[in-house]
Amino acid sequence: MPTYAYACKDCSHAFETVQSFTDSSLTTCPECHGTLRKKFNSVGVVFKGSGFYRTDSRDSKGSAVAPAASPAASSAPASAAAN
């Protein structure tokens, strides 16, 4: 179950509590019965390695972009092709 941090708007009392995802947010300070606000912290998740980008899951066949034609084949002079 996740840990949530709260701070009172009136007395600045700060604390953390473990709550289920389905539990309602706390609204009353346990110290002064004032209004609470939920504090948000940065998420501690780091994605490393392959598989996190759209291009990582593609194989070299089928869905990948076909390589361009070689320049030698497409740059043959038109006069040589006509003879």
Side-chain angles (χ1 to χ4, degrees):
M1 292 203 306
T3 302
Y4 293 100
Y6 290 93
C8 180
K9 291 182 180 180
D10 300 330
C11 72
S12 300
H13 173 67
F15 64 97
E16 292 181 345
T17 185
V18 177
Q19 291 180 290
S20 173
F21 288 111
T22 57
D23 291 346
S24 299
S25 296
L26 300 179
T27 56
T28 306
C29 176
E31 296 284 319
C32 72
H33 303 290
T35 307
L36 287 178
R37 66 179 176 86
K38 191 181 281 189
K39 294 169 54 176
F40 295 97
N41 297 323
S42 61
V43 178
V45 177
V46 178
F47 296 103
K48 293 184 178 180
S50 63
F52 296 105
Y53 295 96
R54 191 171 113 172
T55 56
D56 285 348
S57 62
R58 307 267 172 120
D59 59 356
S60 60
K61 301 175 197 168
S63 62
V65 177
S70 65
S74 63
S75 64
S79 62
N83 290 336

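- Taking Ile, Leu, Val, Met, Phe, Trp and Tyr as members and joining any whose side-chain heavy atoms lie under 4.5 Å apart, directly or through other members, the hydrophobic cluster of L26 also contains Y4, Y6, F15, F21, L36.
- The other members of the hydrophobic cluster of V18, by chain and number, are M1 (side-chain heavy atoms under 4.5 Å, ILVMFWY only).
- Evaluation of the side chain to side chain donor-acceptor pair (under 3.5 Å) test over residues 24-36, restricted to residues two or more places apart or in two chains, returns S25-K38.
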